[in-house]
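Everything on this sheet refers to the single structure shown next.
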Amino acid sequence: MAANVMLKFVTVKRDMPAKRAAAERTEDFGEIYREFAAGKAREQAGRCSQCGVPYCQTHCPLHNNIPDWLKLTAEGRLREAYELSQATNTFPEICGRICPQDRLCEGNCVIEQAGHGTVTIGSVEKYITDTAWEEGWVQPIRPGVERPESVGIIGAGPGGLAAADMLRRQGIQVTIYDRYDRAGGLLVYGIPSFKLEKDVVMRRNGQLEAGGVAFRLGVNVGEDVSFDAIRASHDAVLIATGVYKTRDLGGPGSGLPGIVKAIDYLTASNRKGFGDSVPAYDSGELNADGKRVVVIGGGDTAMDCVRTAVRQGASKVTCLYRRDRANMPGSQREVANAEEEGVEFAWLTAPKGFTGGASVTGVRVGRMRLGVPDATGRQTPEEIPDADYTEQAELVIKALGFEPEELPTLWGVPGLEVTRWRTVKADFLTKQTSLEGVYAAGDIVRGASLVVWAIRDGREAAESIMTWLDHRSTAVAAE
Ligand SMILES: Cc1cc2nc3c(=O)[nH]c(=O)nc-3n(C[C@H](O)[C@H](O)[C@H](O)COP(=O)(O)OP(=O)(O)OC[C@H]3O[C@@H](n4cnc5c(N)ncnc54)[C@H](O)[C@@H]3O)c2cc1C
Ligand code: SF4
């Protein structure tokens, strides 16, 4: 069955003009392309039973007032629904597209738990906000008063952007520094465009810029400008740099050409989508077209890699994961999507080494079984002796997760305390770090997490920064 789907994809790609093939692909794969028509949104919103125990709301990290905006949508009062939805979420149209709703709001819908299928909350949230953009209800920020204080934000991912939005609304002068050439962080260069269209992110960047947020892109803090210089230029600083250090693989042949990092592979694909020149893609180094691809890992990044490889025309895509399906960290919905698209999953397998000469030709795979539970209660995978086999591959993608970079060393700021996982130590509530006036939010504090948590952190950090600036100006006035 899976192979048939793959064959269908390959046939579409090879035999048809590109435009038509793209249209077919859209039909075959494009859950985000499906028009969520007004009638459908209202119908879905109307399915909410207004149960009075809104587990959906408590399991949404932003505690969005879901039942109320569903009710307003069902009644056709879309502008009010939008106002309510954007009051707690800076980027509802983005969360509506890429939150793992099956683990958050929708997974806790009482209708779902009663076995009748969840209200598709994320799709309604996306629909409400897309309509707001179309109708011109989303406008650039116009603060009531301009304040003299400035805040420097390092990192233009969802955490940094959400904080910028909140601060600017209160009249603060905000400058965002990012080493990439576009703002958005993993929203632009990590998450593939079949899950999140890039113009949706660029539209938000434009709105922030039009509202007075200054972007200094292509600036790598620690290299192009020092952290201390940024701190000296602003009243407060927010660190929202995410986590980018790839967990690596060892074993014989692990350095062979053709074994690449997930972030490099996905960035190349996203850049290509923007129309950038990407020599490593054009040379085939970061392009799956016509290749047998093995992706190693079981999280959402691995799912993005396998699904991108399918779209690039890989002849076969296999995902190796050392535990079984039930223990996979990635969203089950993403796994089901990948399977539907023809990806083969080799559960309970782990790479032991790589074959090849000038470049990789295969992965030496060990078979695993689940052994005794560890301290967390999770069964530890252990190898089955003498059961190895080789999976042929011309491209191997390492998607084993990300860790924080060593910021205090990289930036020469020993006073910036980090945890034993090298994430920045920040107060749980205020997001303040060990340095006065310096706050931190998003993945750099939590470790690799979710967009919706980064948004929440950014919003909370902005609130704390405001409180700190207000206290400081009151204290200065009293002197
Ligand atoms: C492939 C992939 C797919 C994902 N898919 C999903 C998904 O479907 N749904 C979901 O909810 N989450 C997903 N996530 C997780 C989500 O993207 C992150 O949790 C979220 O982006 C974290 O936001 P952030 O603002 O903390 O950091 P980031 O988005 O990583 O942004 C950090 C920014 O800081 C910049 N930066 C870093 N260091 C410096 C420096 N020294 N100087 C200047 N700038 C710097 C970076 O360039 C970047 O732009 C995915 C992650 C990956 C890797
Ligand atoms: S932000 Fe995410 S978790 Fe919250 S309601 Fe929207 S889709 Fe659900």
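Whatever order the structure lists them in is the order used to number ligands and atoms, beginning at 1. Bear in mind that the values here come from a model prediction, so they are computed numbers and not experimental data.
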### Query
Of the protein's non-hydrogen atoms, which lies at the shortest distance from atom 3 (C) of ligand 1, and what is that distance?
Asp304 OD2, 2.9 Å
### CD (Glu75) with more than 12 external heavy atoms under 6.0 Å
yes
### Which residue and heavy atom of the protein sit nearest atom 17 (O) of ligand 1, plus the separation
Leu186 CB, 3.4 Å
### Shortest reach to atom 50 (C) of ligand 1 by a heavy atom, considering only Asp178, Leu104, Ile191
Ile191
### Task
Under 4.0 Å, heavy atoms only, figure out whether ligand 1 is touched by the backbone of Leu161, its side chain, both or neither.
neither
#### Entry: Sub-3.5 Å N/O-N/O distance, Glu405 and ligand 1
no
### Task
Among all protein heavy atoms, pick the one closest to atom 42 (N) of ligand 1 and tell me residue, atom and distance.
Val221 N, 2.9 Å
### Task
Ignoring hydrogens, just give me the one of Pro158, Ala441, Ser331, Gly157 whose non-hydrogen atom is nearest atom 21 (O) of ligand 1.
Pro158
### Query
Between Arg271 and Asp181, is there a salt bridge with N-O shorter than 4.0 Å?
yes
### Query
How many angstroms lie between atom CG of Leu249 and atom OG of Ser254, to the nearest 0.5 angstrom?
7.5 Å
### Query
Closest non-hydrogen protein atom to atom 15 (C) of ligand 1, residue and atom name please, with distance?
Ser449 O, 3.2 Å
### Query
In terms of residue, atom name and distance, what is the protein heavy atom nearest to atom 27 (O) of ligand 1?
Gly242 CA, 3.5 Å
### Task
May I ask you to identify the nearest protein heavy atom to atom 7 (C) of ligand 1, giving residue, atom name and distance to one decimal place in Å?
Ile98 O, 3.5 Å
## Note on the structure
Of all protein heavy atoms, the one nearest atom 37 (C) of ligand 1 is Thr241 O, 3.1 Å
### Aromatic ring pairing Trp347/Phe345, orientation class (parallel under 30°, perpendicular over 60°, tilted between)
parallel
### Query
Do the two ring centres, one from Tyr189 and one from Tyr180, sit under 6.0 Å apart?
yes
#### Entry: side chain to side chain donor-acceptor pair (under 3.5 Å) evaluation trace for Asn89 with Glu125
CA-CA 10 Å; Asn89 190 352; Glu125 190 177 27; 3.2 Å; yes
#### Entry: Gap between atom CD1 of Ile263 and atom OH of Tyr265 - 0.5 Å precision
13.0 Å
### Atom pair CD/NZ of Glu403 and Lys245 - distance to nearest 0.5 Å
6.0 Å
### Query
Can you tell which part of Lys195 has a heavy atom less than 4.0 Å from ligand 1: side chain, backbone, both or neither?
side chain
### Message
Within the 4.0 Å heavy-atom shell around Ala240, which atoms of ligand 1 are there?
### Response
32 (C), 33 (C), 34 (O)
### Query
Roughly how far, to the nearest 0.5 Å, is OG of Ser434 from CG of Asp427?
11.5 Å
### Message
Please state which option from Tyr244, Phe227, Tyr189, Tyr265 has its nearest heavy atom closest to atom 28 (P) of ligand 1.
### Response
Tyr244
#### Entry: Carboxylate-amine/guanidinium contact Lys425 Glu417, below 4.0 Å
yes
### Query
Which atoms of ligand 1 sit under 4.0 Å from any heavy atom of Asp443?
18 (C), 19 (O), 20 (C), 22 (C), 26 (O)
### Carboxylate-amine/guanidinium proximity below 4.0 Å for Glu405 and Arg179
yes
### Task
Using a strict cut-off of 4.0 Å, indicate which atoms of ligand 1 neighbour a heavy atom of Gly185.
29 (O), 31 (O), 48 (C), 49 (O)
#### Entry: Residue Gly442 vicinity, atoms of ligand 1 by number, heavy atom under 4.0 Å
26 (O)
### Trp69 CH2 to Thr88 OG1 distance, which is reported to the nearest 0.5 Å
8.5 Å
### Query
Charged N to carboxylate O under 4.0 angstrom, Asp264 versus Lys398?
no
### For ligand 1, the portion of Trp453 having any non-hydrogen atom under 4.0 Å away
neither
#### Entry: Flag if over 12 foreign heavy atoms under 6.0 Å of CZ, Arg322
no
### Task
May I ask you to check whether over 12 heavy atoms, not counting those of Lys71, lie within 6.0 Å of atom NZ?
no
### Task
Give me the protein N, O or S atoms that fall under 2.8 Å of atom 6 (Fe) of ligand 2, sorted by chain and residue number.
Glu125 OE1
### Message
At less than 4.0 angstrom from any non-hydrogen atom of Leu450, what atoms of ligand 1 do you find?
### Response
10 (C), 11 (O), 12 (N), 19 (O)
### Task
Decide if atom CZ of Arg216 counts as having more than 12 heavy atoms of other residues, nucleotides or ligands within a radius under 6.0 Å.
no
#### Entry: Per-atom contacts, ligand 1 versus Leu266 - under 4.0 Å to a heavy atom
1 (C)
### Query
For ligand 1, which atoms sit closer than 4.0 Å to a heavy atom of Val219?
42 (N), 43 (C)
### Task
Check each atom of ligand 1 against the heavy atoms of Asn220 and keep those under 4.0 Å away; list them by number with element.
40 (C), 41 (N), 42 (N)
### Task
On the 0 to 90° scale, with breaks at 30° and 60°, tag the Trp411-Phe227 ring pair as parallel, tilted or perpendicular.
parallel
### Message
Can you check which of Gly155, Gly159, Gly458, Gly299 brings a heavy atom nearest to atom 25 (O) of ligand 1?
### Response
Gly159
### Summary
CG of Leu187 to CG of Asn270, rounded to nearest 0.5 Å, is 10.5 Å
### atom 16 (C) of ligand 1: nearest protein contact (heavy atom, Å)
Val451 CG2, 3.7 Å
